[in-house]
Amino acid sequence: MTSVRLRLLILALTPLIVLMPLLLLLGMSRWTADYDEVLIANVESDLKIASQYLARLLDQTRDELDAVAGSVAFRDLMRRPAEEQSRFFARTRDRLGLDFLRFLPEAAAQDEARDWPVIAAALAGQGVARIDVFDADRLTMLSEPLAIRARLPVVATPAAVPTDKVIEDRGMVVHAASPVQMNGSNGVLVGGVLLNRNLNFIDTINDLVYLNAITGGDRQGTATLFLDDLRISTNVRLFEDVRALGTRVSAVVHESVLVEGRTWLDRAFVVNDWYISGYKPITDSFGKRVGMLYVGFLEAPFTQEKREAFWWMLAAFFAVLALSAPVFLWLARGIFAPLERMTKVMDSVGRGELSARIGPVSAKGEIGAVAHHLDWLLEQVQERDRQLRRWNQDLNQRVDQRTAELREANEKLEQTFRQLVMSEKLASIGEITAGVAHEIHNPVAVIQGNVDVIRETLGQGAAPVETELALIDRQVSRIEVIVGKLLKFASPSEFSDCEDDVALRPLVQDCLVLVDHLVGRGGIEVTCDLDEVPAVRVASGEVQQVVVNLIVNAVQAIGGAGQIEIALRPAEREGQDGVALVVRDSGPGVREDLLGSVFDPFFTTKPGEGTGLGLSISQTLIQRAGGIISVRNHAEGGAEFTVWLPAAEGAEGG
């Protein structure tokens with residue numbers, strides 16, 4: 001009886017003792033993960049607000065500068081004395097909140113446009129505002145107090161990228177330029193705001209993000225602007241009243257944001273505490289990453305909330321557990337004996353004794369009905385077990401048979417699909433290239449004809465431009481060669497020889513004579529192993545074109561001294577006799593990720609040196625002859641091309 005009671009107690013309390021803690025753990029983990037995702041979503045939203053403010057500042061600076069440049073007052077000013085112009089620029093600079101404002105005449109603007117894309121865009125007639133970094137000399141040229149304000153001591157920061165720099169004298173600037181177009185005074189109006197120590201700028205961002213009741217609420221947040229990895233404007237505190245200007249970001253954030261260009265949305269250690277942080281790279285007018293925009297809020301309050309929630313749930317679990325055990329024991333009295341008999345029968349059935357039965361029990365009601373029904377179920381189980389064993393044996397035999405048939409059908413289907421895809425691809429590209437080739441041919445003929453007319457018309461007067469005319473002739477010839485290759489690729493049957501029984505051994509030897517000048521010039525050693533092989537039914541000119549193309553490709557792949565091995569041997573494929581021609585070079589081989597593309601039309605590893613049609617045409621010719629061409633990288637280095645062609649009917653080795 002004790003055994004049944006213990007088992008029932010364990011059965012009842014197991015969900016509480018084991019499963020509930022697991023569920024609590026999973027629930028807390030999921031809740032914590034969701035909670036963290038909400039925090040990351042919040043900081044992402046905060047970062048978007050800060051980025052939008054920075055973008056609005058750029059747009060506002062550009063629009064205000066455009067308004068000044070296009071104003072009637074500015075046009076009138078250009079005709080007044082220099083002293084009055086200086087006062088106007090000073091008033092306008094203060095009114096717009098700029099740190100510098102100046103007018104560049106067209107000549108001066110063209111000089112500076114070589115260094116600054118913003119000024120170049122303004123010269124082209126478009127007002128632009130970008131973030132740029134000015135060195136100390138340029139800041140001093142604009143204003144010595146501006147250069148002094150930009151200087152920041154570099155504070156040694158743990159976990160930052162090591163540096164020997166002790167002073168940062170560059171300045172991050174909102175750099176804006178607007179075109180000025182008026183009679184006699186065309187040029188560029190240039191203005192900007194220095195962001196180093198610009199606490200009004202960074203505090204405005206912080207107020208927008210963290211003092212807004214909708215987006216920020218009462219989160220303890222901060223905002224920072226970085227020049228590279230150095231804080232140049234921030235409301236992060238080193239101490240209570242000391243801002244962390246001159247401190248640097250950690251190496252891991254530096255690598256992720258400034259080096260890899262990714263936006264950081266995660267927890268990060270900021271100066272002296274952990275923050276839920278967002279860092280976004282800032283690019284200058286040259287497209288170079290020159291800094292970061294940061295927003296974040298303290299992690300500690302949220303960590304404390306998660307910890308309190310965990311302890312509350314744990315206390316609730318132990319309270320439920322303490323109440324459940326005595327209540328269950330009180331409810332379970334009177335059912336242990338029948339259940340013990342049921343347990344023993346089920347143990348016997350579990351050991352394989354399907355004939356074990358409970359029999360009559362003294363308990364009435366649901367327990368007795370369950371016992372009787374269980375005996376009936378055991379009868380059914382025993383019968384079903386016998387049937388299942390018979391069915392299982394029969395099913396295994398059928399599955400084995402169907403699996404073999406399915407595997408064979410699948411292999412045939414895959415082979416057919418690959419052939420269909422390749423045929424469709426070649427047909428589509430062939431149709432396109434044929435049209436393109438014919439469209440190119442007519443303009444080329446017109447060009448060549450007009451060049452000839454120029455020569456005839458100028459006569460001896462064409463001598464000064466003879467070099468240019470000869471260059472046109474060569475380029476026209478090159479176009480005609482390319483057009484010929486396109487036409488041959490599109491309709492290879494129109495250019496093919498008549499098929500005949502061809503002996504490959506002398507054909508390969510003839511091809512070596514054709515490329516002897518290329519082989520000899522490159523200092524390449526050619527090794528031949530040409531067995532006596534059956535004749536093949538092909539067009540000899542087409543096969544010769546394929547062989548020459550493979551050897552030329554091998555010479556180009558080697559690029560200097562090396563070796564080419566050519567082998568010819570009988571080879572059987574899928575029960576059909578044939579001949580295999582192997583061309584292997586000692587070059588670097590083909591990149592593994594490009595092996596599947598070498599036969600694609602217009603694919604080439606030598607941009608500017610070929611059309612990318614050679615191997616595609618070769619594949620078309622070989623497939624039309626009933627053969628296959630393939631490529632692989634040899635284990636000892638270099639690429640290896642294999643051409644297999646079926647033997648002609650009744651052919652013997654020769």
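Excluded from the calculations below are hydrogen atoms, water molecules and symmetry mates; all remaining heavy atoms, backbone and side chain alike, are included.
Looking at residues two or more places apart in sequence or on another chain, you find a ring-ring contact (aromatic ring centres under 6.0 Å, His included) between Phe134 and Trp116, His175. In terms of the side-chain hydrogen bond (donor to acceptor under 3.5 Å, both in side chains) criterion, Gln397 has no residue partners (sequence neighbours excluded).
When side chains are defined from C-beta on, Val257 does not count as touching Thr263, because their heavy atoms never get closer than 4.5 Å. Taking the side chain as every heavy atom from C-beta outward, Arg455 and Val465 never approach each other to under 4.5 Å. Asp531 places a side-chain heavy atom less than 4.5 Å from the side chain of Asp529. Residues Leu504 and Val536 meet the side-chain proximity criterion, which asks for heavy atoms closer than 4.5 Å. Two residues are said to be in side-chain contact when any heavy atoms from C-beta on lie closer than 4.5 Å; Val582 and Phe641 fail this criterion. Between Ile566 and Leu550 the shortest side-chain heavy-atom distance does not fall below 4.5 Å. The closest side-chain heavy-atom distance from Ile551 to Leu512 is below 4.5 Å. Contact of the Met172 side chain with the Ile131 side chain is registered, since non-hydrogen atoms from C-beta on lie closer than 4.5 Å.
A donor-acceptor pair is defined here as one N or O able to donate and one able to accept, closer than 3.5 Å; such a pair exists between the side chain of Trp644 and the backbone of Ala571. Of the possible polar contacts, one joining the Arg289 side chain to the Val259 backbone as a donor-acceptor pair under 3.5 Å is found. In this structure, Asp229 contributes its side chain and Ser250 its backbone to no donor-acceptor pair below 3.5 Å. Judged by distance alone, with hydrogens and angles left aside, the side-chain atoms of Glu168 form a donor-acceptor pair with the main-chain N or O of Arg170 at under 3.5 Å. The closest donor-acceptor contact from the side chain of Arg569 to the backbone of Ala580 lies at 3.5 Å or more, if one exists at all. Not one N or O on the side chain of Asn410 forms a donor-acceptor pair closer than 3.5 Å with the backbone of Leu406. Panel note: side chain Asp585, backbone Gly587; a donor-acceptor pair is recorded below 3.5 Å. A donor-acceptor contact shorter than 3.5 Å is absent between the side chain of Ser256 and the backbone of Val252. Side-chain N or O atoms of Thr457 include one that pairs as donor or acceptor with a backbone N or O of Val453 at under 3.5 Å. The backbone N or O of Phe286 sits less than 3.5 Å from a side-chain atom of Asp284, completing a donor-acceptor pair.
In this structure, Leu58 and Ala129 approach most closely via the heavy-atom pair O-CB, 3.2 Å. The shortest non-hydrogen separation linking Gln576 to Pro646 is NE2-CB, 3.3 Å. The heavy-atom pair separating Gly261 from Pro281 by the smallest distance is O-CG, 3.9 Å. Residues Val538 and Ala625 come closest through the heavy atom pair CG1-CB, 3.5 Å. In plain terms, the two heavy atoms of Pro179 and Gly127 that are nearest each other are CD-N, 3.7 Å. Across Val295 and Val43, no two heavy atoms sit closer than the pair O-CG2, 3.6 Å.
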### Task
Check step by step if salt bridge (Lys or Arg N to Asp or Glu O under 4.0 Å) holds for Asp59 and Arg62.
CA-CA 5 Å; Asp59 293 341; Arg62 179 201 61 202; 3.7 Å; yes
### Task
List the steps, then state whether side chain to side chain contact (heavy atoms under 4.5 Å, CB included) holds for Ile447 with Ile472.
CA-CA 9 Å; Ile447 292 172; Ile472 294 174; 4.2 Å; yes
### Task
Decide yes or no on side chain to side chain contact (heavy atoms under 4.5 Å, CB included) for Leu507 and Val543, but give the supporting numbers first.
CA-CA 8 Å; Leu507 185 143; Val543 176; 3.9 Å; yes
### Query
Can Asp115 and Glu112 be said to form a side chain to side chain contact (heavy atoms under 4.5 Å, CB included), step by step?
CA-CA 5 Å; Asp115 298 326; Glu112 294 202 15; 5.7 Å; no
### Task
Could you please spell out the steps behind the side chain to side chain contact (heavy atoms under 4.5 Å, CB included) verdict for Val583 and Val547?
CA-CA 9 Å; Val583 179; Val547 175; 5.7 Å; no
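The neighbour count for Gln401 CD, taken as heavy atoms of other residues, nucleotides or ligands under 6.0 Å away, is above 12. Summarising the local packing, NZ of Lys288 is surrounded by 12 or fewer heavy atoms from other residues, nucleotides or ligands at distances under 6.0 Å.
The CG atom of Leu47 sits 10.0 Å away from atom CD of Gln52, with the distance rounded to the nearest 0.5 Å. One distance of note links CD1 of Ile622 with CD1 of Ile617; it measures 12.5 Å at 0.5 Å rounding. Going from atom CZ of Arg389 over to atom CG of Asp394 covers 16.0 Å, rounded to the nearest 0.5 Å. Note that CG of Asp228 and CG of Leu258 are 6.5 Å apart. Values are rounded to the nearest 0.5 Å. Rounding to the nearest 0.5 Å places CD1 of Ile564 at 9.5 Å from SG of Cys528. Once rounded to the nearest 0.5 Å, the distance linking CG of Asp577 with CG of Leu645 reads 13.5 Å.
Aromatic ring pairs are classed by plane angle as parallel below 30°, tilted from 30° to 60° and perpendicular above 60°; the pair Tyr279 and Trp264 is perpendicular.
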Return a table of donor-acceptor pairs under 3.5 angstrom between the side chains of residues 630-638 and protein atoms on other chains or two or more places apart.
from: Arg632; atom 1: NE; to: Glu640; atom 2: OE2; distance (Å): 3.0
from: Arg632; atom 1: NH2; to: Glu640; atom 2: OE2; distance (Å): 3.0
from: Asn633; atom 1: OD1; to: Val590; atom 2: N; distance (Å): 2.9
from: Asn633; atom 1: ND2; to: Val590; atom 2: O; distance (Å): 2.4
from: Asn633; atom 1: ND2; to: Glu592; atom 2: OE2; distance (Å): 3.1
from: His634; atom 1: ND1; to: Arg584; atom 2: NH2; distance (Å): 3.4
from: His634; atom 1: ND1; to: Glu636; atom 2: N; distance (Å): 3.1
from: Glu636; atom 1: OE1; to: Arg584; atom 2: NH2; distance (Å): 3.3

